[in-house]
Amino acid sequence: MKKMVLLASAFLMINTVSAAQAGPLDPGRVAGQNFDLAPFLLQTLDANLQFTEVNPIDRYQDSYFFTDQHTGAMTFRVPSGAGHSGHSEFPRVELREKGNWAIDAASTQRRTLSLALRVLAEPTTGELIFAQIHGERSGGSEALKMRWSHGDIVMGVKKHYGDPEQRITLLRGVALGSRIECKLAVRGDTLSVDVRSGQASAKHEFSYASDAWKAIPVYYKAGLYSQDKQQDGSTASVAVERLELGE
């Protein structure tokens, strides 16, 4: 059963973490020094604005993936209409979890992604994605997309692999630059989403059709997947202040 609950109490943290940053963010360090990025590879843009991958990330940075010199935040920047991967029409600068796992009702393992971020700038369309659960297959294997839509926070889910995306609005009217805390957890075939910005918070649970997903390896993604494929001069930007991947 789908359920949304507005939370008035303090936001609950996800406790079991295998990859987390240590200490305060240092504006003088690259992202790989402020955050544990060993479990991820980077999908970014090269000097010609074409899609490329970096693995391992280590101390890598570029014009589209870098440390904010004032806050130390890990910053993702995507010009609208830039190059894209072979299975997409939209440009991205994202971290992709290297390991795969399964959405399977028989599994007791808990997979989590926790992040705190700020959307600093949106593309002309007003649409971007800051976190995903993505599958190895093409043609509809996005099990979850956490969307920014003109200041609304929307989760997009698919009950079955290949289904049209169902969109569920969690928060409305979040201002650019506001801190957003998002915690995702999958155990078995159940997804839990907790999101908070300022005094507004929401929690939603969603059950997948396990038989439709369990054979498809999936993984977390985090960063900035712009939903603007036109070269309209706009540039989206997301700053990540916390990133934790856990089991």
Side-chain angles (χ1 to χ4, degrees), residues 1-20 39-40 94-117 128-149 152-172 174 180-197 200-223 225 240 242-247:
M1 179 186 300
K2 305 182 184 75
K3 179 175 66 174
M4 179 180 293
V5 180
L6 294 178
L7 303 176
S9 59
F11 191 59
L12 299 177
M13 297 293 292
I14 293 175
N15 295 318
T16 305
V17 174
S18 62
F40 300 95
E94 285 185 299
L95 297 171
R96 181 209 189 277
E97 183 183 6
K98 293 178 184 177
N100 295 323
W101 40 280
I103 298 171
D104 184 354
S107 174
T108 60
Q109 193 166 24
R110 189 168 184 255
R111 299 283 186 168
T112 65
L113 177 70
S114 175
L115 67 161
L117 68 142
L128 61 86
I129 294 164
F130 59 83
Q132 298 187 64
I133 298 174
H134 205 291
E136 289 285 4
R137 292 187 188 174
S138 59
S141 66
E142 306 91 344
L144 170 68
K145 291 180 178 178
M146 291 301 299
R147 295 178 174 273
W148 166 281
S149 178
D152 293 346
I153 307 300
V154 180
M155 59 182 285
V157 286
K158 296 180 179 181
K159 184 82 171 177
H160 304 83
Y161 163 68
D163 277 356
E165 185 181 71
Q166 175 188 353
R167 297 188 183 182
I168 302 162
T169 300
L170 300 176
L171 300 179
R172 296 187 182 275
V174 178
I180 302 165
E181 297 190 49
C182 179
K183 298 171 179 67
L184 312 174
V186 176
R187 187 192 296 274
D189 58 0
T190 301
L191 165 70
S192 298
V193 177
D194 293 89
V195 64
R196 177 184 182 181
S197 184
S201 57
K203 179 178 181 178
H204 193 91
E205 288 191 351
F206 181 84
S207 294
Y208 294 100
S210 177
D211 288 347
W213 283 103
K214 64 182 181 181
I216 301 172
V218 296
Y219 49 85
Y220 279 119
K221 302 189 78 176
Y225 183 22
V240 171
R242 188 185 73 250
L243 178 69
E244 299 170 353
L245 184 68
E247 296 182 357

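These figures come from a predicted structure and were not determined experimentally. Residue numbers run from 1 in the order of the sequence given.
Under the 3.5 Å distance criterion, the side-chain polar atoms of Trp213 are matched with a main-chain donor or acceptor of Lys159. The main-chain N or O of Val154 is never found under 3.5 Å from a side-chain atom of Asp152 such that the two would form a donor-acceptor pair.
The shortest heavy-atom contact between Ala222 and Leu113 is CB-CD2, 4.3 Å. Contact between Ser207 and Thr190 at its shortest, heavy atoms only, is OG-OG1, 3.9 Å. Here the shortest heavy-atom pairing between Lys183 and Ser114 reads CG-OG, 3.4 Å. His204 and Ile168 get closest at one heavy-atom pair: NE2-CD1, 3.5 Å. Scanning all heavy atoms of the two residues, the minimum distance from Tyr225 to Glu94 falls at CB-OE2, 3.7 Å. Closest of all the heavy-atom pairs between Ala105 and Ser210 is N-OG, 2.8 Å.
The residues Glu205 and Arg187 are annotated as not salt-bridged, no charged nitrogen and carboxylate oxygen being separated by less than 4.0 angstrom. One finds a salt bridge joining Glu247 and Arg111 here, because a Lys/Arg side-chain nitrogen approaches an Asp/Glu carboxylate oxygen to under 4.0 Å.
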Step-by-step side chain to side chain contact (heavy atoms under 4.5 Å, CB included) determination, Tyr219 to Ile133: CA-CA 6 Å; Tyr219 49 85; Ile133 298 174; over 6 Å; no
Worked check of side chain to side chain contact (heavy atoms under 4.5 Å, CB included) between His134 and Arg96: CA-CA 9 Å; His134 205 291; Arg96 181 209 189 277; over 6 Å; no
Step-by-step side chain to side chain contact (heavy atoms under 4.5 Å, CB included) determination, Phe130 to Val240: CA-CA 10 Å; Phe130 59 83; Val240 171; over 6 Å; no
From CA spacing to verdict: side chain to side chain contact (heavy atoms under 4.5 Å, CB included), Leu144, Met146: CA-CA 7 Å; Leu144 170 68; Met146 291 301 299; 4.0 Å; yes
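Once rounded to the nearest 0.5 Å, the distance linking OH of Tyr220 with OG1 of Thr112 reads 6.0 Å. Atom OH in Tyr208 sits 5.0 Å away from atom CD1 in Ile103 (nearest 0.5 Å). Here the straight-line distance linking atom CG of Leu184 with atom CG of Leu245 works out to 10.5 Å at 0.5 Å rounding. Expressed to the nearest 0.5 Å, how far CG of Leu171 lies from CH2 of Trp148 amounts to 10.0 Å. Taking CD1 of Ile216 as the start and CG of Asn100 as the end, the distance is 12.0 Å to the nearest 0.5 Å.
Considering only heavy atoms from C-beta on, Arg137 comes within 4.5 Å of Tyr161 through its side chain. The shortest side-chain heavy-atom distance between Leu243 and Leu95 falls under the 4.5 Å cut-off. By the 4.5 Å heavy-atom criterion applied to side chains, Met155 and Val195 are not counted as neighbours.
Listed by chain and residue number, Ile129, Gln132, Glu142, Arg147, Glu165 satisfy the side chain to side chain contact (heavy atoms under 4.5 Å, CB included) test with Lys145 (two or more places apart in sequence, or in another chain). Partners of Asp163 according to the salt bridge (Lys or Arg N to Asp or Glu O under 4.0 Å) rule, which considers only residues two or more places apart in sequence or in another chain, do not exist here.
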